[in-house]
Amino acid sequence: MSDVPARKQSEPPRRSYSRDEVVDIYELGKLWLETGQQKRAEAVMAGLNEVAPDFAPAWLGTAFLRGAKLDYEGVIAAATTALRLEPECVEAMLFMVIAALALKDSSMAGTYLGEVGDRIDQGMVANPSVVRLYKMQLSRYQNRD
């Protein structure tokens, strides 16, 4: 007889998590992103989007992952959801700019660049990486074909 205990029947996945648990799971997904483990990150973000659909950072992670696959329509869908949840989210606006420029939608790109620029001018954006990304996208916009 084997010393290995019999497996328990799989339990269905939980459908609700505390805010702290969601944040911890997101941090794991973000770690996978930062270490280049996109498949793992994608699984975490997709799971969070399902069990915590009102958690905007997971939608931003999804937008990033869609962009890595050059799925700009997917970027727009995920960033739009993030913006619906957090209308002032400049990161989501910048994802919209990146996707819009890739899709040659200058109108959308210009609109969101204006929104982000206004927030930067008003001192609402303190993260230098976000400001740098804005400046890069503004340059892309100004030098578009």
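Residue numbers start at 1 and run along the sequence shown.
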Hydrophobic cluster membership, with links at side-chain heavy-atom distances under 4.5 Å among I/L/V/M/F/W/Y: are [X] and [Y] in one?
{"X": "Leu113", "Y": "Val125", "result": "yes"}
{"X": "Leu85", "Y": "Phe95", "result": "no"}
{"X": "Leu133", "Y": "Val131", "result": "yes"}
{"X": "Met45", "Y": "Val23", "result": "yes"}

Let me see the working for Asp71 and Leu65 under side-chain contact (heavy atoms from CB on, under 4.5 Å), right down to the final yes or no. CA-CA 9 Å; Asp71 173 11; Leu65 289 159; over 6 Å; no
From CA spacing to verdict: side-chain contact (heavy atoms from CB on, under 4.5 Å), Phe55, Arg19: CA-CA 9 Å; Phe55 187 67; Arg19 177 73 177 179; 3.1 Å; yes
Contact summary for [X] and [Y], nearest pair of heavy atoms:
{"X": "Gly67", "Y": "Val75", "value": "N-CG2, 3.2 Å"}
{"X": "Cys89", "Y": "Leu83", "value": "O-CD2, 3.6 Å"}
{"X": "Ala78", "Y": "Trp59", "value": "CB-O, 3.5 Å"}
{"X": "Ala92", "Y": "Ala79", "value": "O-CB, 3.7 Å"}
{"X": "Val44", "Y": "Gly29", "value": "CG1-CA, 3.6 Å"}
{"X": "Gln38", "Y": "Ala68", "value": "NE2-CB, 3.6 Å"}

Are any non-hydrogen side-chain atoms of [X] and [Y] less than 4.5 angstrom apart?
{"X": "Met96", "Y": "Glu115", "result": "no"}
{"X": "Val97", "Y": "Leu138", "result": "no"}
{"X": "Thr62", "Y": "Asn49", "result": "yes"}

Do Ser139 and Met136 pass the side-chain contact (heavy atoms from CB on, under 4.5 Å) test, and can you show the C-alpha distance, the side-chain angles, and the key distance before you say yes or no? CA-CA 5 Å; Ser139 179; Met136 288 186 299; 5.7 Å; no
Rounded at 0.5 Å granularity, tell me how far [atom1] in [X] sits from [atom2] in [Y].
{"X": "Tyr72", "Y": "Lys104", "atom1": "OH", "atom2": "NZ", "answer": "10.5 Å"}
{"X": "Leu60", "Y": "Leu94", "atom1": "CG", "atom2": "CG", "answer": "10.5 Å"}
{"X": "Thr35", "Y": "Arg40", "atom1": "OG1", "atom2": "CZ", "answer": "8.0 Å"}
{"X": "Leu103", "Y": "Ile98", "atom1": "CG", "atom2": "CD1", "answer": "12.0 Å"}
{"X": "Leu48", "Y": "Tyr17", "atom1": "CG", "atom2": "OH", "answer": "8.5 Å"}
{"X": "Glu86", "Y": "Thr81", "atom1": "CD", "atom2": "OG1", "answer": "12.0 Å"}

Does a donor on one side chain sit under 3.5 Å from an acceptor on the other, for Gln137 and Arg140?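 Gln137 vs Arg140: donor-acceptor pair found between side chains.
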Counting heavy atoms not belonging to Phe64, are there more than 12 under 6.0 Å from its CZ?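 No, not enclosed.
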Do any N or O atoms from the side chain of Arg144 and from the backbone of Tyr141 form a donor-acceptor pair under 3.5 angstrom?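 Looks like yes, one N/O pair under 3.5 Å.
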